[in-house]
**Student:** 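Once you've had a glance at the structure underneath, I'll fire off some questions.
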Amino acid sequence: MNDEERERVVDALSKRKHRTGEVLRGSGIGADELAELSALADTSELLWLSQHEAPPLEADPVAAMLGLVPDQQCTLDSKAFARARKKAGLKPSGIASRLRQRGWQTSDADVFRWETRTAHDVPPALIQALAEILGRTVEQLSLGTSDTPEPGLLEELRRSPKFKELVARWARARHVSLPVASATLQGRLVATVHRGNAPDTAQMLDSLDALVAAVEPPPE
Amino acid sequence: MERTGEAEVEDEPSVAHACRGAAPDLAALYAQHRGAMYRVAYSTLRPSGMVASAEDAVSAAVVSLMKSGLPTNVVNWEAFLVKAVKRKAQDIVKSAAVRRAGPSLDDLHGRTADSDVGEEVAERVDLEQQISRMRASLDVLNERQRLVAVEHIGLERPRAEIAAQLGVTPARVSQMKLEVLKLLRDAMDGRRTNDER
């Protein structure tokens with residue numbers, strides 16, 4: 001068996017192709033060599049897996065759909081957040097602890113930083129969690145919608161009545177505020193465009209409509 | 001928040017909003033575990049040549065959980081989410097297999113719907129450790145070997161392209177591939193032995 005044949009066996013084993021039997025039949029491969037090639041196939045599979053990861057957050061449509069991509073249309077207002085925290089009688093460590101209970105990996109230093117330095121990396125879903133912890137609305141904690149228009153297609157989409165309707169439906173289905181719903185659906189669109197898909201406005205709205213419908217509860 | 005039991009992945013909105021307020025935020029869980037979720041999608045879809053559908057599997061699992069809501073009695077969220085994605089990936093493969101009337105799904109995958117959650121957690125931890133060792137083991141390779149490892153084996157760039165870039169024959173790339181795999185296997189064995197000491 002030459003190296004190219006051995007490589008074929010390793011590939012077949014590592015991909016667990018159902019034609020592995022075919023590859024092995026007639027190859028005259030012995031038990032020892034098969035064991036050796038199987039070990040190499042496991043190594044190959046592991047190497048392949050190590051190079052296949054989740055996409056970067058900003059290009060991950062699922063992350064966008066969950067409101068995990070920071071959005072300039074919905075950013076945490078540091079001063080409003082600090083005021084609300086103090087009024088709620090919570091220390092930064094108390095906020096961090098409550099966020100951790102909800103599954104967020106947040107440190108006391110993160111909370112401190114959001115108040116004193118920058119909070120532009122706080123995604124809409126986290127602002128929603130903060131609002132719920134503090135008994136405030138997202139609108140009370142965020143800087144509000146920026147008037148800076150998104151370029152081209154996204155701005156056209158954002159202004160369409162259909163998009164506004166989808167935002168309202170998403171907010172109801174996911175129990176989130178309108179700004180968070182809007183940022184989430186826009187993030188989804190941006191992530192789609194990042195991935196190289198550039199459908200037209202109608203296609204993008206149809207795609208969002210299908211997504212919203214998928215998470216809505218069935219009609220009573 | 002302490003979790004005491006195991007929850008099955010639901011496709012129906014049965015546990016939906018009854019659990020709201022007690023379960024963690026799905027977004028927070030996804031941020032923490034999306035790497036493992038994508039990885040299981042890739043590995044489940046790879047044997048059928050459907051890696052491009054990995055995002056669809058992850059997305060379908062998340063949409064399903066958005067609709068059904070998260071249960072409150074989950075021992076290990078990573079295992080729970082990974083299982084949800086794996087099922088969606090298996091469904092994608094199954095749909096394609098039915099369309100093509102290909103081989104039985106059971107021949108291609110060991111379906112783990114009924115497997116023990118503890119076993120799955122152990123497998124996930126072991127896999128993550130092995131991947132970590134693999135990344136560290138790449139240090140034993142020289143630049144040309146690393147190109148073969150990462151670009152050709154890891155990212156499946158065609159052999160002819162790698163051969164052209166390295167200025168060697170395609171057959172030589174095959175040789176290098178086997179050499180690289182042996183080097184990596186030995187390096188990983190060494191690291192495993194060290195870790196176990």
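Every heavy atom of this structure was used, including side-chain atoms; hydrogens, water molecules and symmetry mates were not.
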**Student:** If every non-hydrogen atom of Trp48(A) is compared with every non-hydrogen atom of Gly154(B), which pair is closest and at what distance?
**Tutor:**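 Closest heavy-atom pair between Trp48(A) and Gly154(B): CD1-O, 3.3 Å.
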**Student:** To the nearest 0.5 Å, what is the distance between CZ on Arg46(B) and NE2 on His52(A)?
**Tutor:**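 Nearest 0.5 Å value for the CZ-NE2 distance: 7.5 Å.
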**Student:** Under 4.5 Å between any side-chain heavy atoms of Glu55(B) and Pro61(A), yes or no?
**Tutor:**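 A side-chain contact under 4.5 Å exists here.
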**Student:** In Å, rounded to the nearest 0.5 Å, how long is the span from CD of Glu216(A) to CE of Met66(B)?
**Tutor:**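 Between Glu216(A) CD and Met66(B) CE, I get 12.0 Å after rounding to 0.5 Å.
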**Student:** Hey, is CG on Asp32(A) packed in by over 12 heavy atoms from elsewhere, all under 6.0 Å?
**Tutor:**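 No - once you tally the heavy atoms of other residues, nucleotides and ligands closer than 6.0 Å, there are 12 at most.
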**Student:** Which distance, rounded to the nearest 0.5 Å, do you find between the CG of Asp189(B) and the OG1 of Thr43(A)?
**Tutor:**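 These two atoms lie 7.5 Å from each other.
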**Student:** Should Lys177(B) and Glu4(A) count as an ion pair when the cut-off is N to O under 4.0 Å?
**Tutor:**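 Here Lys177(B) does not pair with Glu4(A) in a salt bridge, since their nearest N and O are not under 4.0 Å apart.
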**Student:** Under 4.5 Å from any heavy atom of chain A, what part of His152(B) do you find: side chain, backbone, both or neither?
**Tutor:**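 Side chain only.
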**Student:** Checking heavy atoms, do the side chain of Val173(B), its backbone, both or neither come under 4.5 Å from chain A?
**Tutor:**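 No part of it gets close to chain A.
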**Student:** Determine, stepwise, if the pair Gln175(B) / Glu7(A) fulfils side-chain contact (heavy atoms from CB on, under 4.5 Å).
**Tutor:** CA-CA 8 Å; Gln175(B) 278 179 346; Glu7(A) 183 196 13; over 6 Å; no
**Student:** Between Leu57(A) and chain B, which part of the residue has a heavy atom less than 4.5 Å away: side chain, backbone, both or neither?
**Tutor:**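 For Leu57(A), the contact with chain B is made by backbone and side chain together.
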**Student:** Which heavy atom of Lys67(B) sits nearest a heavy atom of Ala214(A), and at what distance?
**Tutor:**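 Answer, listing the atom of Lys67(B) first, then Ala214(A): CD-O, 3.1 Å.
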**Student:** I'd like to know if Arg185(B) and Glu36(A) make a salt bridge, using a cut-off of under 4.0 Å between side-chain N and carboxylate O.
**Tutor:**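 Yes.
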**Student:** So, do Pro24(B) and Trp104(A) sit near enough that their side-chain heavy atoms are less than 4.5 Å apart?
**Tutor:**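 A side-chain contact under 4.5 Å is absent here.
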**Student:** How long is the span from the CG atom in Leu47(A) to the CE atom in Met134(B), to the nearest 0.5 Å?
**Tutor:**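 Output value for this atom pair is 5.0 Å.
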**Student:** Tell me which of these, Ser44(A), Ala125(A), Gly67(A), has more heavy-atom pairs under 4.5 Å with chain B than the rest.
**Tutor:**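 Sorted descending by pairs with chain B, the first entry is Ser44(A).
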**Student:** Of the backbone (N, CA, C, O) and the side chain (C-beta and beyond), which part of Leu68(A) lies under 4.5 Å from a heavy atom of chain B, both, or neither?
**Tutor:**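 Looking at Leu68(A), just its side chain touches chain B.
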**Student:** Which atoms of Glu53(A) are under 4.5 Å from chain B, going by heavy atoms: the side chain, the backbone, both sets, or neither?
**Tutor:**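 Interface part for Glu53(A): both.
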**Student:** Does any N or O in the side chain of Arg34(B) come within less than 3.5 Å of the main-chain N or O of Asp60(A), such that one atom is a donor and the other an acceptor?
**Tutor:**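 No; judged by distance alone, with no hydrogens or angles, the pair does not exist.
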**Student:** For Pro55(A), which atoms come within 4.5 Å of any heavy atom of chain B: side chain, backbone, both, or neither?
**Tutor:**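 Its backbone and side chain both get close to chain B.
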**Student:** Measuring from Ser50(A):OG to Arg133(B):CZ, what's the distance to the nearest 0.5 Å?
**Tutor:**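 If we round to the nearest 0.5 Å, Ser50(A):OG and Arg133(B):CZ are 13.5 Å apart.
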**Student:** Under a 4.5 Å cut-off applied to non-hydrogen side-chain atoms, are Leu46(A) and Leu127(B) in contact?
**Tutor:**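 Yes, close enough: below the 4.5 Å cut-off.
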**Student:** Within this structure, what is the CG-CE distance for the pair Leu26(B) and Met65(A), rounded to the nearest 0.5 Å?
**Tutor:**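 Answer for the CG-CE pair, Leu26(B) versus Met65(A), is 8.0 Å.
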